[in-house]
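Data first, discussion second: the structure below is written as C-alpha cells.
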Amino acid sequence: MSVLLPDSTRAALDMLAETRGAAVPLAGGTDLLVHWPVRLDDHERTYLDLSGARELRAYQWTDEELVLGGLTTYWDVLTDTRVWTHFPLLTHAARQVGAIQIQTRGTWAGNIVNASPAADGVPVLMAYDAIVVLASVAGQEEVSLADFYTGYKEMRRRPDQLIVAIRVPRRAHAVQIFEKVGQRRAQAIAKVGLAVTRSDAGWRVVAASMAPTVRRCPAVERLLEEQAPVHGPEDFLAAIERDVTPIDDIRSTARYRARVMANLLYHDLRGVCNFIQ
Amino acid sequence: MYRIEGLAKLAGRERYVDDLPLQDFLWGMTVRSPVPRGRIRAIRFAKDVDWREFVVVDHHDIPGPNEVLLIERDQPVLAAQYVRHMHEPVLLVAHPSRDAVRRAVRAIEVVVDPEEPVLDYRKPPRPDQVQYGSDNVFKRITIAKGDVERAFAGAAVVVGGVYETGAQEHVYLETQGMIARLEGDTVVVVGSMQCPYYVLTALMHALKRDEHRVRVVQAPTGGGFGGKEEYPSHVALHASLLALKARRTVKIVYDRGEDLAATTKRHPACIRHRTGLAQDGRLLAQDIEIVLDGGAYVTLSPVVLSRAAIHGAGPYRCDHVRIQGRVMLTNAVPYGAFRGFGAPQVQFAVERHMDVIARRLNMDPVEVRRINLLRDGDTTATGQVIRDGVDRIRLMERAVELCGYHAKRLDHARHNASDATTRRGMGIATSYHGSGFTGAGEVRLKSRVHVAGLAGGRVEVRTASVEMGQGTLTVFTRLAADRLGLAREDVLIAEPDTGRVPDSGPTVASRTVMVVGKLVERACDDLRRQLELGRETRGDTLRDAIRAWHREHRGAELIGEAVYKKPPGIEWDDTNYRGDAYAAFGWGAHAAEVEVDLRTGNMKVLDFVAVLDVGTVLAETLARGQVQGGVVQGIGWALMEECKFLGGAMANNQLTNYAIPTSADVPPIRVVFVETPFEHGPQGAKGLGELPVNGTAPAVLNAIAAATGTSPGNIPLTPEVMLDLLERGAGTAVVG
Ligand SMILES: Cc1cc2nc3c(=O)[nH]c(=O)nc-3n(C[C@H](O)[C@H](O)[C@H](O)COP(=O)(O)OP(=O)(O)OC[C@H]3O[C@@H](n4cnc5c(N)ncnc54)[C@H](O)[C@@H]3O)c2cc1C
C-alpha cells in the first residue's frame with residue numbers, strides 16, 4: 001500500500017492526473033477501510049489522502065445556498081444549528097449515520113462516491129436538489145446529484161476528478177420527511193430509505209435500498225403533483241413499482257421494501273396532503 | 001465490591017491472546033470445506049505460490065487418533081476423506097506473514113464430490129441422507145409422569161401450538177484465538193477458553209501425550225457465552241499441530257467473518273405443545289415434543305437436549321406430563337453450547353404457549369400462571385419435589401407490580417384504539433434454570449479446588465474456572481476472603497493453568513459460583529484444618545499461622561483441598577430421567593412492554609423488568625450486569641438476530657448484517673433480586689448466569705401478541721414477518 005499526501009486541492013488534482021486516476025481518494029476512510037484485513041487486493045493500491053487539502057474543508061452559507069466542502073463530515077453538519085433550521089433532513093440523516101465515531105470521520109462526498117444504494121446522506125441531498133461540483137486539472141464541472149448515478153456503483157465522475165463541493169440550493173419547503181428503516185435503531189444499513197420534500201420546484205421523492213442506486217421516484221412524484229385521491233398505502237404501490245426495483249437480499253425482501261415504502265408515504269403524508277385520506 | 005480486573009479492562013491494559021507479546025512466531029489459518037457434504041477428491045495448491053515458505057498440516061500429521069474428544073469421537077480434527085459440513089477444517093497453513101497466510105488459504109482448493117446434504121432438521125431424512133444410525137437421530141430422551149392420555153380424555157379444553165426458535169451467534173467481543181508453543185517437549189497452549197481441562201483432554205487424546213507433556217493456560221477471555229466451551233479445543237489442536245510440525249510458536253486468531261461462519265451457534269429448535277386444561281385454567285396434561293438441530297457432529301447436543309427436556313414443561317404443576325425430545329444430525333456447522341443450553345428454546349415455547357392458552361380460555365396470562373406455578377411441595381416433570389422456600393407466585397407479582405402491568409394495559413387499550421400507526425402491549429413470562437450439571441453430571445465431574453497458603457501469609461485460590469467477563473475473580477475473592485476473615489488484597493486467584501490448578505470442571509452451566517464457589521469455601525476450611533486451627537481462626541491470626549507453617553516447612557506447599565460432594569438427598573436416575581435433576585433451581589419473572597410500528601413492522605421494547613431469585617447475591621453490580629446482559633441477548637434472539645443460511649453456510653457472517661441490539665435498541669432494564677438462601681450454596685448463592693435469557697424472548701413476544709392481536713410462534717420475529725402477520729391478522733402458531 002502506498003499513500004500520497006497532497007497539501008492542497010491543486011496538488012491532489014495533480015497527483016490524480018499523474019497517476020491517471022489510479023490513486024484512490026481517501027477521505028474519512030469509513031467505507032474504504034472496512035474489512036481491510038480481508039480485502040487483500042486493496043493492500044496493493046495507491047491512496048490519495050485528502051486530509052492535507054484544507055480547502056476541501058471549506059463549508060459556507062450564501063444567500064442562495066449551503067455549500068458543503070469535499071471533506072465536510074456529518075458532524076460538521078450536525079453541529080451547525082442553521083442546518084437544522086434550513087435543511088433539517090441533513091441533520092436527521094447525519095444523526096442516523098453509524099454512531100458518533102463514524103459521524104465525525106465520514107464525509108458527504110465519500111457517501112456520494114461510495115455510491116451505496118443504501119446510503120443515508122445521498123437521499124436527503126438528492127431531495128434538496130443538490131449539485132455535485134467535480135474538479136480535475138482540466139477544470140470544474142457540475143452535475144445534478146439526481147443525474148449523477150448511471151448504474152450500480154457507476155457514476156458521472158472520472159477517476160481523475162474529485163468532489164470539491166456539494167451545493168444545496170436554499171428554498172422554502174412545505175414538506176420535509178426522512179425515514180430510515182434499518183435492522184436496528186443505530187449502526188444500521190437502511191433496508192428502506194425515503195426522503196421527501198416539497199418546494200416551489202415541486203415534489204421530490206427519493207428512495208434508498210430500493211434500486212441499484214439511490215434514485216428519485218418520478219411516478220410517485222407525479223402522483224403527488226396530480227393530487228389524485230389516495231385511500232390507502234396500496235394506492236402508492238403501482239407508482240413505486242414503476243420507479244424502483246427492490247430485491248430480496250441478505251437484509252430484507254422485495255415485498256417488505258415495497259410495502260414499507262408505501263406505508264411510509266401514506267402515513268407520513270396523510271396529515272400533510274388533503275388528497276390522502 | 002469492585003470488579004478485580006475491572007480497571008485493567010477499562011483502561012485497555014488487559015492482555016487478551018492477540019495482545020500477548022510474541023516474537024518469532026507463525027500465523028496459522030484453516031482451509032475449510034467448500035460444501036456441506038461430500039467426498040474429498042483432491043486438494044489443489046496453486047502453482048504461483050512458493051509453498052516451501054509455508055507449513056502445511058493435514059490429517060496425516062496428527063500423532064494420535066483423528067478425533068476431537070468430547071462425548072463421542074465422531075468429529076475429526078481435520079477432515080480426511082469426507083466432509084460433513086460447510087467450513088469443516090481440512091488443512092492448516094502457517095507463515096510468518098498474516099497476509100501471506102491469508103492469500104495461501106485462498107490459493108488452496110479442496111475439491112469435493114458433493115453428496116446430498118440434510119439442511120432441514122424438521123424433515124425426516126431420505127435414505128441417501130442418512131449419516132448417523134438408521135435415522136440421523138443423535139439422541140432421544142423421554143420424560144414421563146402420570147398418564148397423559150387418560151388425563152387428556154378428562155380435559156375440558158385441549159390447546160396445541162408449534163413454536164420455533166432460530167440459531168443464535170454468541171458475538172463474544174473477542175473472537176476465538178490460541179497460541180501454541182513448545183517448551184522442551186511440552187506443548188503449551190495459551191488462549192481464549194471456558195474449559196481449560198476440556199482443551200487439555202482433547203490435546204492429550206489427539207496428540208497422544210500424557211498430561212506432563214501438555215499444558216493449557218487460559219488467557220483473559222473476552223466473552224464466551226458457551227461459544228468457548230467446546231470450540232476452543234479445535235483451535236488449540238490446530239495451533240498445536242502447526243507448532244509441532246513447524247517447531248515454532250504458532251498463533252491462530254479468527255477474523256470475525258471466519259468466527260461467525262465456522263464456529264458453533266445456539267441449537268435451532270422446533271417444539272410442539274398439546275395441553276389439556278380444566279375449564280378454570282388448571283393444567284391437566286402436557287404433551288411436548290422437542291426437536292433440535294444438532295448439526296453435523298454429536299458434540300454436546302445430547303446434553304443440550306437433556307437440559308431442554310428437563311425444562312420443557314416450564315415451572316408449572318401438572319400431574320401428567322410427557323416430554324419426548326430428539327436431536328437430529330444435519331449437515332450444518334455443529335451447534336453448540338450457548339448460555340441457557342437448550343432451556344431458552346423450550347421456555348420460549350412453553351411461555352408463549354401459556355399466553356396462547358390464556359387467550360383461548362379468555363383469561364389474563366398472569367392469572368393462568370398464578371393458578372399453575374409450582375408451589376413448594378409440588379413436583380416437576382421428572383418428579384423432583386421442589387421445596388426451597390421460594391414463593392414463585394410472589395416473584396411474578398413483584399414483576400407485575402413493578403412494570404405497572406394492570407394500569408399499562410388500560411393505557412394501551414386506549415392508545416391502540418386511537419393511534420394510527422403504533423400498537424402497545426404488555427407481556428409476562430416466568431422462568432427457571434437448574435444450576436450446575438444434572439445430579440449425576442456433577443458427581444461424574446468430581447471437581448477439585450485448592451486454596452494454598454503462601455509463604456507471605458496470603459492465600460491463593462486455584463481452580464480451572466475462568467473469568468470471561470462474568471465475575472469469577474471477584475466472587476471467588478470475596479468467598480475466600482469472607483471465609484478466612486482476610487482482606488480482599490490477601491486473596492490471590494491463580495491463573496487457570498492446568499500445570500498448576502486442579503480440575504474444578506468447566507466454566508459453564510451456571511455452576512461456577514454455586515458448585516465451585518462452595519468448593520472454594522470448603523478448601524478454605526481444609527486449609528485451616530491443615531494448620532490444626534478451628535473455624536474461629538481468622539484474619540491476622542490465620543496469616544501468622546500460615547507464615548509460621550512455611551518457616552517450619554521451607555519449600556513445601558500448604559494446600560487446602562475440597563472435592564465435590566453431592567448435597568444430601570439429591571438422587572437422579574439418568575436412565576429413566578426421574579428424580580432430582582438439579583441440586584437447585586433459580587427462578588425468574590419477566591415483564592416487557594413493547595410498541596409495534598404498523599408501517600414498518602418494527603418492534604421496540606419500551607420497558608423491561610426482571611425479578612429473579614438466585615439465592616444470595618454475592619456481587620450486586622456484577623449480578624445486575626449479568627441479568628441486563630442476558631435480557632439484551634434475549635431481546636436480540638427474539639427480534640433481530642437471524643443466521644441466514646444458504647446451502648449450509650451462514651450468508652450474513654458479518655456484524656453489519658447479523659444485527660445484535662445496540663444501546664438504542666434496549667429499554668431501561670430494571671432488575672430486582674429476591675434472595676432466598678440455598679443452604680448448600682456458598683453463603684446461600686445459586687446459579688445466575690443463564691437464567692436471565694430464558695424468560696426474555698417469550699415476555700417480549702407475549703407483549704407483541706398482546707399489542708397486535710396476532711399470535712407469533714417463531715423467533716426471530718423480524719419486521720418482515722411481523723408485517724405479514726399484521727396483514728394476515730393471524731398467528732404462525734399452528735393449532736393442532
Ligand atoms: C460502522 C459504520 C457505520 C456506517 N453507517 C452508515 C450509515 O448509517 N449510513 C451511511 O450512509 N453510511 C454509513 N457508513 C458508510 C460510510 O461511513 C459513509 O458512506 C461515509 O459517508 C463515507 O465517507 P468517508 O469520508 O469515510 O469515505 P471514504 O471511505 O474515505 O471514501 C469512500 C469513497 O469515496 C471516495 N471519495 C471520498 N472523498 C472523495 C472526494 N472528495 N472526491 C472523490 N472521491 C471521494 C473514495 O475514493 C471512496 O471510493 C458506515 C460505515 C461504518 C464503518
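Since we're looking at a predicted model, the values are computed, not measured. Below, chains carry the letters A, B, ... as their sequence lines are ordered, and counting in each starts from 1.
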For Arg599(B) and Asn263(A) the tightest heavy-atom approach is O-ND2, 2.9 Å

Do other residues, nucleotides or ligands put more than 12 heavy atoms under 6.0 Å from Phe45(B) CZ? yes

Contact check, side chains of Glu720(B) and Arg255(A), non-hydrogen atoms, under 4.5 Å: no

Between Met261(A), Lys191(A), Gln187(A), which has the largest tally of heavy atom pairs under 4.5 Å with chain B? Lys191(A)

Can you tell me if Arg105(A) has over 12 outside heavy atoms packed within less than 6.0 Å of its CZ? no

Which bit of Arg256(B) is near chain A, if near means a heavy-atom gap under 4.5 Å: side chain, backbone, both or neither? neither

NZ/NE/NH1/NH2 to OD/OE distance under 4.0 Å, Glu44(A) and Arg103(B): yes

Need one label for Asn657(B): side chain, backbone, both or neither, based on atoms under 4.5 Å from any heavy atom in chain A. both

Hey, are Asp249(A) and Lys644(B) close enough for a salt bridge, meaning a charged N less than 4.0 Å from a carboxylate O? no

Below 4.5 Å from any heavy atom of chain A, which atoms of Leu639(B) appear? Answer side chain, backbone, both or neither. neither

Contact leader toward chain A among Ala651(B), Gly257(B), Gly601(B), Pro661(B), where contacts are heavy-atom pairs under 4.5 Å: Ala651(B)

Check the pair Leu40(A) / Arg106(B) against side chain to side chain contact (heavy atoms under 4.5 Å, CB included), numbers first and verdict last. CA-CA 11 Å; Leu40(A) 294 171; Arg106(B) 292 182 194 180; 3.6 Å; yes

Please classify the contact of Ile660(B) with chain A as side chain, backbone, both or neither, using a heavy-atom distance under 4.5 Å. both

Interchain contact, Arg270(A) with chain B, by part (heavy-atom threshold 4.5 Å): side chain

4.5 Å side-chain heavy-atom contact, Pro37(A) and Arg102(B): yes

Between CD1 of Ile250(A) and CD of Glu642(B), what distance do you get to the nearest 0.5 Å? 10.0 Å

Do Thr600(B) and Glu179(A) have side-chain heavy atoms sitting under 4.5 Å apart? no

Side chain to side chain contact (heavy atoms under 4.5 Å, CB included) evaluation trace for Val38(A) with Asp255(B): CA-CA 9 Å; Val38(A) 293; Asp255(B) 290 329; 3.5 Å; yes

Going through the distances and angles, do Gln183(A) and Met640(B) end up as a side chain to side chain contact (heavy atoms under 4.5 Å, CB included)? CA-CA 7 Å; Gln183(A) 283 175 296; Met640(B) 59 177 80; 5.8 Å; no

Chain A contact via Thr656(B) - side chain, backbone, both or neither, heavy atoms under 4.5 Å: both

Over 12 non-hydrogen atoms of neighbours within 6.0 angstrom of CG in Leu20(B): yes

Gap separating the OG1 atom of Thr421(B) from the CG atom of Leu264(A), nearest 0.5 angstrom: 10.0 Å

CD of Glu225(A): more than 12 outside heavy atoms within 6.0 angstrom? yes

Side chain to side chain contact (heavy atoms under 4.5 Å, CB included) evaluation trace for Arg259(A) with Leu723(B): CA-CA 9 Å; Arg259(A) 283 194 303 162; Leu723(B) 214 52; 3.7 Å; yes

Donor-acceptor contact below 3.5 Å, side chain Arg185(A) vs main chain Asp665(B): no

